[in-house]
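The block underneath contains the structure these notes are about, expressed in structure tokens.
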Amino acid sequence: MKDSMNRRQFILAAGALAGSAVLAGCGGSSTSSSSTSTSTDSSSNAASSSSDDSYTLVKNGTLTVVAELGFAPFEYMNDKTGDPEGFDVDVINAVADKMGLQCEYLPNQKFDTLVPLIKQGGKADVSIAAITITDEREESVDFSEPYLDSNQAIVAIKGSTETEETLNDASKQVVCQGGTTGNDWITENLPNATCVPVDDVTAALTGVQTGLYNAMVVDLPVAKYMLTNSFSDLDIIEEIATGEQYGIAISKDNPNLTKAVNKALEDMKSDGTMDSIETKWFGSTI
Ligand code: ARG
């Protein structure tokens, strides 16, 4: 069954994070459940004949993925199927496919818990969640080679006269997803504004819509997608050229997994898989 191309196996491992304090808000337990499987039996995976190349997996034969699943078009829950979808979901499925593994998503986690969860180990093998590679995060985890370039955007209500300058004022509420690079950008560049970190991007944008917040700072591709699909009364008032790059976060204790993921990404770039995923989600390669 590993050979079937594009096969998606999103078995939500409901309960896999039992005992963790971050279960609130976990997405629907799903269609196919593998709740009986234990996710803690680390087993050595013979990635090739040379034992030097071996990496460990939380669950044998499976790439266990953790993400914050409210970041369209990169990762979001399909309400009908109860499965994660998006650019990153396609990327990590193709990576798993190249590695001869199945792909399994854990229930939704808050964004700022993802890097700590990978660092801590034992629950998930990788996190792919439009995570910007930063020096600070690289102290905790390893990243794959970058798989996509990105920037930030400032979003406000259509017709708003706000600018970066007017927002830098104590009377202004600027919302972001907590723990993101957008959060860092506000702290550094709008030191006088009131920065409001929240967990959920849709709630943040709704708050901008209703006037609760003056603006939001969020990744540009997400702003574009959300404004086109759900928030037509909002506008991108400024694009910020932060020059970010997304990478897949992997434990520092598992360097051969990072190598294997990099090899898969390289193959996907050279055989056109990456281009077709980009075209599917962005209409062109970016
Ligand atoms: N790229 C930004 C960062 O790394 C935002 C990522 C948010 N991702 C998500 N799935 N909510 O901080």
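Only heavy atoms go into these numbers, but all of them, side chains included; no hydrogens, no water, no symmetry mates. Along the sequence shown, residues carry numbers from 1. We count ligands from 1, going down the list as the structure has it; atoms in each ligand are counted the same way. Just so it is clear, the model here is predicted, and its values are computed rather than measured.
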As a test of reading the model: which N/O atoms of the protein lie under 3.5 Å from N/O atoms of ligand 1, and at what distance?
| unit_1 | atom_1 | unit_2 | atom_2 | d |
| --- | --- | --- | --- | --- |
| ligand 1 | 1 (N) | Ala130 | O | 2.7 |
| ligand 1 | 1 (N) | Thr132 | OG1 | 2.9 |
| ligand 1 | 1 (N) | Asp219 | OD2 | 2.6 |
| ligand 1 | 4 (O) | Thr132 | N | 2.8 |
| ligand 1 | 4 (O) | Thr132 | OG1 | 3.3 |
| ligand 1 | 4 (O) | Arg137 | NH1 | 2.8 |
| ligand 1 | 8 (N) | Ala129 | O | 2.8 |
| ligand 1 | 10 (N) | Glu68 | O | 3.0 |
| ligand 1 | 10 (N) | Glu75 | OE2 | 3.3 |
| ligand 1 | 10 (N) | Ala129 | O | 3.3 |
| ligand 1 | 11 (N) | Glu68 | OE1 | 2.7 |
| ligand 1 | 11 (N) | Gln177 | OE1 | 2.7 |
| ligand 1 | 12 (O) | Arg137 | NH1 | 3.4 |
| ligand 1 | 12 (O) | Arg137 | NH2 | 2.9 |
| ligand 1 | 12 (O) | Thr181 | N | 2.8 |
| ligand 1 | 12 (O) | Thr181 | OG1 | 3.4 |

Look at the side chain of Asn214 and the backbone N and O of Lys172, then say whether any donor-acceptor pair between them is shorter than 3.5 Å. no
Are Phe74 and Tyr246 close enough that their ring centers fall under 6.0 Å? yes
So, using side-chain hydrogen bond (donor to acceptor under 3.5 Å, both in side chains) as the criterion, who are the partners of Thr242 when residues are at least two apart? Glu244
Keeping Lys98 on the side-chain end and Leu265 on the backbone end, is there a donor-acceptor pair under 3.5 Å? no
Using atom types as modelled, flag every donor-acceptor pair under 3.5 Å from a side chain in residues 182-189 to any protein atom, sequence neighbours excluded.
| unit_1 | atom_1 | unit_2 | atom_2 | d |
| --- | --- | --- | --- | --- |
| Asn183 | OD1 | Gly179 | N | 3.1 |
| Thr187 | OG1 | Asn183 | O | 2.9 |
| Asn189 | ND2 | Trp185 | O | 2.9 |

Sequence neighbours excluded, the answer for side-chain hydrogen bond (donor to acceptor under 3.5 Å, both in side chains) partners of Ser127 is none
